Amino acid sequence: MNRVTITNNEYWTEFSALIGGRFNEAAYWYSAKAIYTYKGFSIVFDEYRGVTRVYCRFAYARPIELRIDRASFVNKIVNVFNGKLIKTNDRKFDQRYVVHSSNRDIGSILNTIVRKLYIDLNIEGLFISTNKGIWEEEVLFDGHYELALYINEAGVDYDYLMQIKGLFELLVDHLSSKYKVESVDFVDV
């Protein structure tokens, strides 16, 4: 499906139907959204300034953080000084991406399958943080986090979104089994 031929609302309405989710219409400055429930977690698909985002919220009692960015000279230098760089021991992945976290064992959610999908799907970035909506400054309540990934493209075909959905479900499964995170209801989607 080419996004040029349909509106944002139509695009996300069709994807919502495809995944058996619900659709939230665009309103004011909020984009249209497809919301899918997976094992109690509300996974949101939307667009923000030409970027496709996928995210969900969860609760966890201890501090947890993760950030995966494309590898760049600046990223590598910054991480040498802040000591938060994690290597996955996957040469191809470590050449393309930089993993930052103060939680040394968080890299365990990036198993071989997840790393391969991440590379194959050309994911731009992934975060686990207390910020709401990836780039927003608003911070979530204590113990609430957002798992989010994004790609630098809007209006991608539905097959590609389905593959991203599969990757995101794997990440939720790994967080649930390793860290026992709990789903958090959205009140603002």
Side-chain angles (χ1 to χ4, degrees), residues 3 11-12 15-16 18-19 21 24 30-60 64-72 75 84-86 88 90 92-101 103 106-136 138 140 144-179 181 183-184 186 189:
R3 171 72 197 294
Y11 177 82
W12 291 113
F15 187 67
S16 295
L18 182 66
I19 62 175
N24 277 23
Y30 296 106
S31 66
K33 295 171 178 26
I35 304 167
Y36 167 71
T37 302
Y38 177 74
K39 297 183 179 178
F41 291 84
S42 294
I43 300 175
V44 179
F45 295 79
D46 74 359
E47 293 173 6
Y48 180 78
R49 298 182 181 179
V51 170
T52 300
R53 306 184 299 180
V54 182
Y55 56 96
C56 74
R57 295 202 182 136
F58 65 88
Y60 186 63
I64 186 170
E65 65 174 326
L66 175 66
R67 181 179 174 126
I68 304 173
D69 293 310
R70 291 212 182 261
S72 71
N75 280 343
K84 294 184 177 183
L85 183 63
I86 295 175
T88 65
D90 177 330
K92 189 174 181 182
F93 187 87
D94 289 339
Q95 285 177 335
R96 291 183 70 179
Y97 296 99
V98 178
V99 181
H100 324 250
S101 182
N103 306 85
I106 192 73
S108 65
I109 69 167
L110 302 173
N111 68 16
T112 305
I113 296 168
V114 168
R115 290 190 313 266
K116 181 175 179 349
L117 282 170
Y118 201 92
I119 290 170
D120 290 349
L121 295 172
N122 201 27
I123 302 299
E124 189 66 29
L126 180 141
F127 304 90
I128 294 176
S129 77
T130 56
N131 285 11
K132 176 182 165 188
I134 302 179
W135 298 287
E136 296 180 33
E138 186 177 342
L140 300 171
H144 287 194
Y145 295 87
E146 198 163 271
L147 167 64
L149 65 78
Y150 69 98
I151 56 169
N152 280 334
E153 191 175 348
V156 298
D157 68 60
Y158 295 145
D159 290 336
Y160 181 64
L161 279 179
M162 292 300 285
Q163 291 175 54
I164 290 173
K165 176 181 165 285
L167 169 61
F168 207 84
E169 289 171 352
L170 281 173
L171 290 165
V172 168
D173 287 343
H174 291 313
L175 280 171
S176 295
S177 66
K178 172 123 177 106
Y179 293 95
V181 301
S183 64
V184 172
F186 281 91
V189 291

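All figures in this text were calculated on a predicted structure; none of them were measured in a lab. All residue numbers refer to positions in the sequence shown, counting from 1. Atom set for the values below is all heavy atoms of this structure, side chains included, hydrogens, waters and symmetry mates excluded.
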Minimum heavy-atom distance I35-S42, with the two atoms named: CG2-CB, 4.2 Å

Start with the C-alpha gap between F45 and F15, add the side-chain angles, then the distance that decides, and say whether ring pair (Phe, Tyr, Trp, His ring centres under 6.0 Å) holds. CA-CA 9 Å; F45 295 79; F15 187 67; 5.0 Å; yes

Listed partners of D90 passing salt bridge (Lys or Arg N to Asp or Glu O under 4.0 Å), at least two apart: R115

Looking at every non-hydrogen atom in both residues, tell me the closest pair between L167 and L149 and how far apart they are. CD2-CD2, 4.1 Å

Kindly write out the residues that satisfy side chain to side chain contact (heavy atoms under 4.5 Å, CB included) with I119, not counting sequence neighbours, or none if the list is empty. K92, F93, R96, Y97

Residues in salt bridge (Lys or Arg N to Asp or Glu O under 4.0 Å) contact with E124, at least two apart in sequence or another chain: R70

Closer than 3.5 angstrom, by distance alone: can the side chain of E47 be matched with the main-chain N or O of G155 as a donor-acceptor pair? yes

Would you please name every residue forming a side chain to side chain contact (heavy atoms under 4.5 Å, CB included) with K178, sequence neighbours left out? D105, S108

Note: E146 and L140 closest approach over all heavy atoms is N-CD1, 3.9 Å

R67: what forms a salt bridge (Lys or Arg N to Asp or Glu O under 4.0 Å) with it, not counting sequence neighbours? D69

What is the minimum heavy-atom distance between F41 and R57, and which atoms define it? CD2-O, 3.9 Å

Taking the side chain as every heavy atom from C-beta outward, state whether V99 and L110 have any pair of such atoms under 4.5 Å apart. yes

Minimal non-hydrogen separation, V114 against I109, with atom names: CG2-O, 3.7 Å

Checking D159 now: which residues fulfil salt bridge (Lys or Arg N to Asp or Glu O under 4.0 Å) with it, not counting sequence neighbours? none

